[in-house]
Number of protein chains: 2
Amino acid sequence: MQKQTFLTKNQQIVLNLVEKSSQPLKAYSILFNVQKKGIKAPLQVYRALDRLVEIGKIHKIESRNAFIACQDSSCQISKATAFSICESCEKVTEINNSKLSKYLKNFKDNSGMKYSKYNLEFFGVCKKCKNK
Amino acid sequence: MQKQTFLTKNQQIVLNLVEKSSQPLKAYSILFNVQKKGIKAPLQVYRALDRLVEIGKIHKIESRNAFIACQDSSCQISKATAFSICESCEKVTEINNSKLSKYLKNFKDNSGMKYSKYNLEFFGVCKKCKNK
DNA sequence: TAATGTTTTGTTATATTATAACAATGTGTA
DNA sequence: TACACATTGTTATAATATAACAAAACATTA
């Protein structure tokens with residue numbers, strides 16, 4: 001049997017929830033919200049999340065241990081991600097800036113290491129919060 | 001009493017350990033290794049780590065939940081950090097590249113958000129591991 | 001279509017990471 | 001010395017994540 005290329009039921013349930021949310025969701029908050037759909041255990045959520053991250057449907061916000069739907073429909077894989085995070089309201093937005101991604105994809109330091117992936121998180125206070 | 005400007009005993013103990021390590025250390029591994037020095041509880045470690053991160057003596061590798069000593073002696077605060085992480089041996093190196101930091105410090109997207117901080121993690125396979 | 005091998009699932013338990021709450025202690029300043 | 005408040009120690013617990021393994025689902029091919 002080949003590795004699945006479609007989404008399984010649990011993956012679809014989790015993805016639907018994460019896509020509906022405008023904010024990153026935590027794993028146990030996802031669990032709580034999908035229990036009525038038959039997902040009972042943390043591992044079922046984590047497994048779905050793992051795969052969804054792997055195929056680029058969602059991203060993990062590492063500094064928040066939370067998951068957000070990919071906002072770029074053409075994204076197939078989570079290997080070049082950048083986010084802006086408001087430290088006041090915790091709003092997270094995926095940054096889709098071709099100059100930035102080009103710059104980072106081509107970045108080379110003197111370590112001789114080839115980078116196949118990066119994750120960038122910017123922090124600040126968003127416009128809305130600043131005007132409060 | 002003003003906020004402390006020096007390092008307290010626990011902070012110094014934790015910092016010494018982290019600085020001795022060539023690799024990022026996890027909080028509970030730190031705890032285990034400083035118990036002989038009188039630090040008994042996780043919270044004592046986490047409090048020391050929090051402060052050390054705050055003043056820039058150490059950085060947290062978010063994707064690994066681990067802590068590494070700052071490799072830039074002039075660094076006073078952890079507001080602009082970049083790391084390279086080998087996904088094979090887990091070696092982590094702080095990237096100190098003025099062009100990169102200048103580029104990221106000045107980065108502006110169209111959200112109107114002012115970024116006061118960023119954290120960037122590059123992933124790949126290091127030279128050593130690639131030659132194996 | 002039955003046998004096979006592999007992926008995926010469900011389930012229980014447990015490991016790992018991190019914080020809450022609060023009393024006690026230490027320390028600078030008035 | 002008295003105070004205000006920062007820091008500490010301590011216990012308990014919350015939050016995040018994975019191990020292990022049996023059962024079920026499914027594709028392949030014999």
Side-chain angles (χ1 to χ4, degrees), chain A residues 1-18 21 23-55 57-68 78 87 90 92 119 121, chain B residues 1-18 21 23-55 57-68 78 87 90 92 119 121:
Chain A
M1 186 190 181
Q2 289 199 333
K3 242 185 170 183
Q4 140 230 339
T5 54
F6 53 90
L7 295 183
T8 65
K9 185 164 145 272
N10 288 353
Q11 289 159 19
Q12 194 61 62
I13 291 170
V14 169
L15 179 59
N16 286 346
L17 182 71
V18 175
S21 169
Q23 288 313 107
L25 296 178
K26 303 225 156 198
Y28 276 73
S29 147
I30 293 170
L31 174 58
F32 179 81
N33 281 285
V34 296
Q35 278 180 330
K36 64 191 77 163
K37 306 258 183 191
I39 293 181
K40 290 175 187 165
L43 197 44
Q44 293 175 291
V45 172
Y46 280 106
R47 285 204 276 233
L49 288 172
D50 282 353
R51 174 56 59 87
L52 290 167
V53 166
E54 194 184 344
I55 63 179
K57 290 287 187 185
I58 64 174
H59 305 300
K60 181 171 187 182
I61 309 300
E62 292 287 356
S63 66
R64 299 296 186 262
N65 297 320
F67 300 85
I68 192 170
S78 301
E87 291 185 298
E90 291 294 322
V92 173
N119 179 54
E121 298 181 2
Chain B
M1 187 190 178
Q2 289 199 332
K3 241 184 171 182
Q4 139 231 335
T5 54
F6 52 91
L7 295 182
T8 66
K9 185 163 145 271
N10 287 353
Q11 289 160 18
Q12 194 62 62
I13 290 170
V14 169
L15 180 58
N16 286 346
L17 183 70
V18 175
S21 169
Q23 288 313 106
L25 295 178
K26 304 224 157 200
Y28 276 72
S29 146
I30 293 171
L31 174 59
F32 178 80
N33 280 285
V34 297
Q35 278 179 328
K36 64 190 81 167
K37 305 258 185 191
I39 293 180
K40 290 175 186 164
L43 198 43
Q44 294 175 290
V45 171
Y46 279 106
R47 285 204 278 233
L49 288 171
D50 283 352
R51 175 55 58 85
L52 291 167
V53 167
E54 195 184 345
I55 64 179
K57 290 288 187 184
I58 64 175
H59 305 300
K60 181 172 186 181
I61 308 301
E62 292 287 355
S63 65
R64 299 298 186 259
N65 297 320
F67 300 86
I68 192 172
S78 301
E87 290 184 299
E90 291 294 323
V92 173
N119 179 55
E121 297 181 1

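For clarity, every value in this text was computed on a predicted model and none was experimentally measured. Naming: A, B, ... by sequence-line order, numbering from 1 per chain.
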Peer 1: How many Å lie between CD1 on A/I61 and P on D/dT16, as a whole number?
Peer 2: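 The distance from CD1 of A/I61 to P of D/dT16 comes to 15 Å, rounded to the nearest Å.
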Peer 1: Hey, can you pull the donor-acceptor pairs under 3.5 Å for the side chains in residues 35-44 of chain A, sequence neighbours left out?
Peer 2:
{"from": "A/Q44", "atom 1": "OE1", "to": "A/K40", "atom 2": "N", "distance (Å)": "2.8"}
{"from": "A/Q44", "atom 1": "OE1", "to": "A/A41", "atom 2": "N", "distance (Å)": "2.9"}

Peer 1: Kindly give the heavy-atom pair with the smallest separation between A/V14 and A/A48, and that separation in Å.
Peer 2: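 Smallest heavy-atom distance, with atoms named: CG2-CB, 3.8 Å.
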Peer 1: Who pairs with A/D50 by side-chain hydrogen bond (donor to acceptor under 3.5 Å, both in side chains), at least two apart in sequence or on another chain?
Peer 2: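 side-chain hydrogen bond (donor to acceptor under 3.5 Å, both in side chains) check on A/D50 returns nothing, list empty.
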Peer 1: Check this one for me: any side-chain N or O of A/Q44 less than 4.0 Å away from OP1 or OP2 of C/dT9?
Peer 2: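 No, A/Q44 has no side-chain N/O under 4.0 Å of OP1/OP2 on C/dT9.
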Peer 1: Rounded off to whole Å, could you give me the CG-to-P distance for the A/L31 and C/dG10 pair?
Peer 2: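 Interatomic distance, CG of A/L31 to P of C/dG10: 13 Å.
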Peer 1: Rounded to the nearest angstrom, tell me the gap between atom CD1 in B/I30 and atom C1' in C/dT17.
Peer 2: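 The answer, rounded to whole Å, is 12 Å.
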Peer 1: List in chain and number order the residues that pass side-chain hydrogen bond (donor to acceptor under 3.5 Å, both in side chains) with B/E121, two or more places apart in sequence or in another chain; answer none if no residue qualifies.
Peer 2: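 Expected list: B/S63, B/N119.
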Peer 1: Would you say a side-chain N or O of A/K26 is under 4.0 Å from OP1 or OP2 of D/dT16?
Peer 2: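 Yes, such a contact exists.
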Peer 1: Distance check needed: C/dG26 P versus B/K9 NZ, whole Å only.
Peer 2: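 About 11 Å, once rounded to whole Å.
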Peer 1: In whole Å, what is the span from the CZ atom of B/F6 to the P atom of C/dG26?
Peer 2: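 It is 14 Å, rounded to the nearest whole Å.
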Peer 1: For residues 25-34 of chain B, which side-chain N or O atoms pair as donor and acceptor with protein atoms under 3.5 Å away, sequence neighbours left out?
Peer 2:
{"from": "B/K26", "atom 1": "NZ", "to": "B/R64", "atom 2": "O", "distance (Å)": "3.1"}
{"from": "B/N33", "atom 1": "ND2", "to": "B/S29", "atom 2": "O", "distance (Å)": "2.7"}

Peer 1: To the nearest Å, how far apart are A/E54 CD and C/dT8 P?
Peer 2: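 The answer, rounded to whole Å, is 9 Å.
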Peer 1: Which residues pass the side-chain hydrogen bond (donor to acceptor under 3.5 Å, both in side chains) test with B/Q23, sequence neighbours left out?
Peer 2: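 Applying side-chain hydrogen bond (donor to acceptor under 3.5 Å, both in side chains) to B/Q23 gives none.
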Peer 1: Would you kindly give the CG-to-P distance between A/N10 and D/dA25, to the nearest whole Å?
Peer 2: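 Rounded to the whole Å, the gap is 13 Å.
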Peer 1: Looking only at heavy atoms, what is the nearest atom pair of B/F67 and B/L49, with distance?
Peer 2: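 Smallest heavy-atom distance, with atoms named: CE1-CD1, 3.6 Å.
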Peer 1: Might you point out which heavy atoms bring A/E90 and A/E87 nearest each other, and give the distance in Å?
Peer 2: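 The pair with the smallest heavy-atom distance is OE2-O, 4.0 Å.
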Peer 1: Tell me the interatomic distance from B/L25, atom CG, to C/dT16, atom P, rounded to whole angstroms.
Peer 2: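 Interatomic distance, CG of B/L25 to P of C/dT16: 16 Å.
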Peer 1: Any side-chain N or O of A/K40 under 4.0 Å from OP1/OP2 of C/dT11?
Peer 2: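 For C/dT11, OP1 or OP2 has a side-chain N or O of A/K40 closer than 4.0 Å.
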Peer 1: State the dot-bracket string of DNA chain C. Criteria: Watson-Crick or G-U wobble, both atom distances under 3.5 angstrom; notation: ( ) intrastrand, [ ] crossing earlier pairs, | interstrand, . unpaired.
Peer 2: ||||||||||||||||||||||||||||||
Peer 1: Nucleotides 17-21 of chain D: which of its N/O atoms have a protein N/O under 3.5 Å away?
Peer 2:
{"from": "D/dA17", "atom 1": "OP1", "to": "A/K60", "atom 2": "NZ", "distance (Å)": "2.7"}
{"from": "D/dA17", "atom 1": "OP2", "to": "A/Y46", "atom 2": "OH", "distance (Å)": "3.0"}
{"from": "D/dA17", "atom 1": "N7", "to": "A/Y28", "atom 2": "OH", "distance (Å)": "2.8"}
{"from": "D/dA17", "atom 1": "N6", "to": "A/Y28", "atom 2": "OH", "distance (Å)": "3.1"}

Peer 1: Nearest 0.5 Å, please: how far is CD1 in A/I13 from CG in A/L7?
Peer 2: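 Going from CG on A/L7 over to CD1 on A/I13, the span is 11.5 Å.
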